Each structure stands twice: as structure tokens, then as C-alpha cells.
S.K.: 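First, the structure itself, so that you have it in front of you.
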There are 2 protein chains.
Amino acid sequence: MAEVIHMRIGELSEKSGRTERTLRFYEELGLLVPASRTKGGFRLYDSGALIRIHWISRLQELGFSLPDIKEFLTELQGTPDGPAMMGDLRSAYAVKLAATRATIGRLRALEAELAASIDYLDTCKSCAPSTHKTACRACREDDHAEMEVPAMVLAVQTSSSIG
Amino acid sequence: MAEVIHMRIGELSEKSGRTERTLRFYEELGLLVPASRTKGGFRLYDSGALIRIHWISRLQELGFSLPDIKEFLTELQGTPDGPAMMGDLRSAYAVKLAATRATIGRLRALEAELAASIDYLDTCKSCAPSTHKTACRACREDDHAEMEVPAMVLAVQTSSSIG
DNA sequence: TATAACTCTCACGTTGACGTGAGGGTCAGA
DNA sequence: TCTGACCCTCACGTCAACGTGAGAGTTATA
């Protein structure tokens, strides 16, 4: 049996970068249970806790809410044999992989839109410096003339934005 | 002067896909002001509202909070001349472009991790169907043997997950 | 002029993910 | 044994982004 080092919540907080409140909160939700407690009630964690916390963060980045993760764990604990559990895990990950790819796609589209808006706005520098804001709506400067106004720029030039 | 069609909140709600509550909420925050009101107090919006709502959604997808967007608008309204305003817009967008690219990078890393985990879990199918969960921790099936256990799989096989 | 459909303004409720004390025990070293 | 650092359990607060009535007024149409 390997030597298992137990740490108290303060140390785990430092090592994991989470606040103590967060760690206790994870426990409330059933996501992170301390390996044991001292007789006085202090929580004692082993190094697996760090791995677990990392995992939780990953899933959060993937868009899982903490209740989602809890449900996830509960489900996995419900399956009786190993391969079945790994199968459940696999399918959950597969779903999230698809969602992640979709998100990446959306972000790439937004990236392109932002880049186009920036390109367009770059040409604004050549306007007369003190042109009033309302003028931008109908600006016909040479550089602009052929460019279509990006939607993300148009929206700002609309109605209530400009006095 | 072109004919401007005014719509009431119900119609705008339908066309934009937002609830009426959401539209009123946007107004509370100063993000979307109706073009006018009827004598009885009904909100009347013009088509610019749709553009504006779309813009808000875009910014939300980019990670702006509604208060962020409000601040954004206020700032833009503060600048007196057109080119300066466009410059402000440009720099705000530039910041978000960088952040978006960073997010895409993180998601791509997660994507790879998920894919690796799925690959690994695929090899679990070959285990004896009724192997108990705890066995997975020390599984030495042929297909696994050379593969390193991905962190996202390891975390699930740790301590409190398995009875 | 009814009446149905629509809209108005409060104002409290909800979910997620913690923050922030209050008041009081626990542990390790001198 | 004592003290300072650490930890405990309530339990209310917060921020974002709306949801959900309640009770009352407004409009378009028959």
C-alpha cells in the first residue's frame, strides 16, 4: 500500500487554485467528497482530489453545469460493471465532442465577422476627424464606397445609438 | 422620408425570437429603446430594433455580458465625432477578437482531449462484459496496455467515484 | 359600444456558482 | 497549557438573465 498523503482544505485550496468555499460547495453538490475527516471534523483529502477538481474544470469549460456533472457521476455510479460504465462515459463525451465542435464553428464565424468589421472600421480613419457621428451612417469616403457595411457596424449606427 | 413601419412588442418578440420580458428587460438596461410609444403607453419599435437585437446576441456569444454591452454603448455615445466613435468600436472589437481566438484555442485543446478519451474508451468494449468497475482502474487488456489513460478517464476512476 | 386580444407596470421568484460574515471549535508548536 | 493559525457549520448576499404572475389599462374589430 502506497503512502497516501492527506491534506486539509487550506492546502488543497492552494494547490488547486479554488477557494475553500468552492471546495465545500463541490462537496455540498456531491462532486468532491473528502477521503476522511479528523476526529474534530477537519476534511482530509488525498491527491485524487486534485485530479477530480481538474476534471470538473474541464467539464465546466465544455459547458457542463455543476448539476450536470453531478448527474453524470450519479449515472456512472449506477452502472454495475466496468465496461458499461466506460461505455456511458464514452457516449457522454461523444455528445460533448459534437457540441464542442459546433461551438468552435460558431466562434470561427464570429471571428470572421469581427475581423471583417475591424477591416471596415480601419477605413474610417481617413474621414475628416470631426465629422459628426450621424455622418457615419451615410459616409461615402473613397475607401468605404465599395465595402458593404458589416452588420456589427451597422447595428451601432442605428436609431437609438446616435443622438 | 421612407415609410417606417412601427411594430408593437408582440410582433417584435415573434420576429426576434425573444420573449416580451426579455425585450422589456433590455430596455431596463438601456440596450433597446423603442422608437416611440402610443398615447396609451404601448411600445413601438422600428426595424432597427431587429438589427440591434441581433447585434446584442452576437456580442453575447462573444462573451459580453449585458452590462458590458450597456457600458459599451454608453462609451460610444460619449465620443463626439464619428471617426473617433468608429475607432472606439474598432478597439473594442480587436480586444474581443483576441479573446475569441484564445477561446477557440482552448476549445480545440479540449476537443483533442475528448477525442483521445473516446479513443481510449473504445478499447474498453473488449473487456469481459461483467468486469466490476474497480477492475477498470487496473485494467491491462491488450488494447489498453500501451495506451496511457487520459486524464479525463482517470478522474472518473478515482476514489469517490467507485464504491 | 362591447369584447377579445394585447400591453402596461410593479414586484417577487429562479438557477448557477459561489462570496461573506458570524460565532465557535481544533490542531500544532512553544 | 496556551496561543495563533486553521477549520467548522449555518445562513444570508450577489450577479446575470430572465420567468412568472397580479391587477389594470389599451386597441382593433364586430
Side-chain angles (χ1 to χ4, degrees), chain A residues 5-46 49-50 52-74 96 99 103, chain B residues 5-46 49-50 52-74 96 99 103:
Chain A
I5 300 140
H6 288 290
M7 49 191 157
R8 297 190 306 192
I9 199 167
E11 194 178 342
L12 182 60
S13 168
E14 237 179 284
K15 287 189 178 169
S16 66
R18 320 277 133 181
T19 66
E20 300 182 7
R21 174 63 176 115
T22 296
L23 299 177
R24 294 196 193 98
F25 181 58
Y26 287 176
E27 187 178 349
E28 281 177 44
L29 297 184
L31 296 181
L32 180 72
V33 183
S36 60
R37 294 247 189 172
T38 67
K39 195 165 190 191
F42 286 22
R43 274 165 261 256
L44 293 177
Y45 300 92
D46 58 28
L50 275 168
R52 175 64 63 95
I53 293 166
H54 228 79
W55 180 69
I56 293 172
S57 308
R58 289 276 197 254
L59 293 184
Q60 279 188 297
E61 288 186 90
L62 287 171
F64 282 97
S65 71
L66 296 183
D68 281 347
I69 300 177
K70 178 192 181 166
E71 191 185 354
F72 198 176
L73 275 179
T74 312
K96 271 303 165 181
T103 301
Chain B
I5 300 138
H6 288 291
M7 49 191 158
R8 299 190 305 193
I9 199 166
E11 193 179 344
L12 182 60
S13 168
E14 238 180 284
K15 287 190 178 168
S16 67
R18 318 279 134 181
T19 67
E20 300 182 6
R21 175 64 176 111
T22 296
L23 299 176
R24 294 196 193 97
F25 181 58
Y26 286 176
E27 186 178 351
E28 281 177 42
L29 296 184
L31 296 180
L32 180 72
V33 183
S36 61
R37 295 248 186 169
T38 67
K39 197 169 187 186
F42 285 22
R43 274 165 259 255
L44 294 176
Y45 300 92
D46 59 28
L50 275 168
R52 174 64 64 96
I53 293 167
H54 227 80
W55 180 68
I56 292 173
S57 307
R58 289 276 196 255
L59 293 183
Q60 278 188 297
E61 288 186 89
L62 287 171
F64 282 96
S65 72
L66 296 182
D68 280 349
I69 300 177
K70 179 194 181 165
E71 191 185 356
F72 197 176
L73 276 178
T74 311
K96 272 303 165 183
T103 301

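Just so it is clear, the structure is predicted and the values come from calculations on it, not from any experiment. Every chain is numbered from 1 and lettered A, B, ... according to where its sequence line falls, protein lines coming before strand lines.
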S.K.: Starting from P on C:dA17, measure out to CG on A:L23 and report it in whole angstrom.
M.R.: 15 Å

S.K.: Roughly, in whole Å, what's the span from NZ in A:K70 to P in C:dT15?
M.R.: 14 Å

S.K.: Is A:T19 near enough to C:dC18 that one of its side-chain N or O atoms lies under 4.0 angstrom from OP1 or OP2?
M.R.: no

S.K.: Think B:T22 has a side-chain N or O under 4.0 angstrom from the OP1 or OP2 of D:dG19?
M.R.: yes

S.K.: Should the pair B:K70-B:E28 be classified as a salt bridge under the 4.0 Å nitrogen-to-oxygen rule?
M.R.: no

S.K.: If you pin B:G10 and A:K39 to their nearest nucleotides in DNA chain C, which one's is more 5'?
M.R.: B:G10

S.K.: If I take atom CG in residue B:L31 and atom P in nucleotide D:dA16, what distance separates them, rounded to the nearest angstrom?
M.R.: 12 Å

S.K.: Counting side-chain heavy atoms from CB outward, which of C:dA17, C:dC18, C:dT9 is closest to B:R43?
M.R.: C:dT9

S.K.: What's the closest nucleotide to the A:Q60 side chain, out of C:dA17, D:dT27, D:dC8?
M.R.: C:dA17

S.K.: Looking only at atom types and distance, does a side-chain atom of B:R18 sit under 3.5 Å from a main-chain N or O of B:T22, one as donor and one as acceptor?
M.R.: no

S.K.: From CZ of A:R21 over to P of D:dC7, roughly how many Å is that when rounded to an integer?
M.R.: 16 Å

S.K.: Figure out the CD/P separation between B:E14 and C:dA5, and round it to whole Å.
M.R.: 15 Å

S.K.: How many Å lie between NE2 on A:H6 and P on C:dC27, as a whole number?
M.R.: 15 Å

S.K.: In this structure, how many angstroms lie between the P atom of D:dG25 and the CD1 atom of B:I9, rounded?
M.R.: 20 Å

S.K.: Measure from the side-chain heavy atoms of B:F25 and tell me the nearest of C:dG19, D:dA17, C:dT7.
M.R.: D:dA17

S.K.: Remember a base hit wins even if backbone is also touched, and classify B:E28 as base, sugar-phosphate or nothing at under 4.0 Å, heavy atoms.
M.R.: nothing

S.K.: When you measure from the side chain of A:S65, which nucleotide among D:dC7, C:dG16, C:dC6 comes out closest?
M.R.: C:dG16

S.K.: Parallel, tilted or perpendicular, judged at 30° and 60°: which one describes the rings of A:F64 and A:F72?
M.R.: parallel

S.K.: Between A:E27 and A:R37, does any side-chain N to carboxylate O distance fall below 4.0 Å?
M.R.: yes

S.K.: Using a 4.0 Å heavy-atom cut-off, does A:R37 contact any base of the nucleic acid, only the sugar-phosphate backbone, or nothing at all?
M.R.: sugar-phosphate

S.K.: Is a side-chain donor or acceptor of B:R24 paired with a backbone partner of B:I9 at a separation under 3.5 angstrom?
M.R.: no

S.K.: Please pick, from D:dA17, D:dG19, D:dT27, the nucleotide with the shortest atom-to-atom distance to any side-chain atom of B:T38.
M.R.: D:dT27

S.K.: Nearest to the side chain of A:R24 - D:dC7, D:dT27, C:dC18?
M.R.: D:dC7

S.K.: Which nucleotide wins on minimum distance to the side chain of A:F42, given the candidates C:dG19, D:dT27, D:dC8?
M.R.: D:dC8

S.K.: Of all the nucleotides listed (C:dA11, C:dT7, D:dC8), which has the minimum atom distance to the side chain of B:E20?
M.R.: C:dT7

S.K.: Check whether any side-chain nitrogen or oxygen of A:Y26 sits under 4.0 Å from OP1 or OP2 of C:dA17, and answer yes or no.
M.R.: no

S.K.: Is B:R43 salt-bridged to B:E20, cutoff N-O under 4.0 Å?
M.R.: no

S.K.: Starting at atom CZ of B:R8, determine the distance to atom P of D:dT26, rounded to an integer number of angstrom.
M.R.: 13 Å

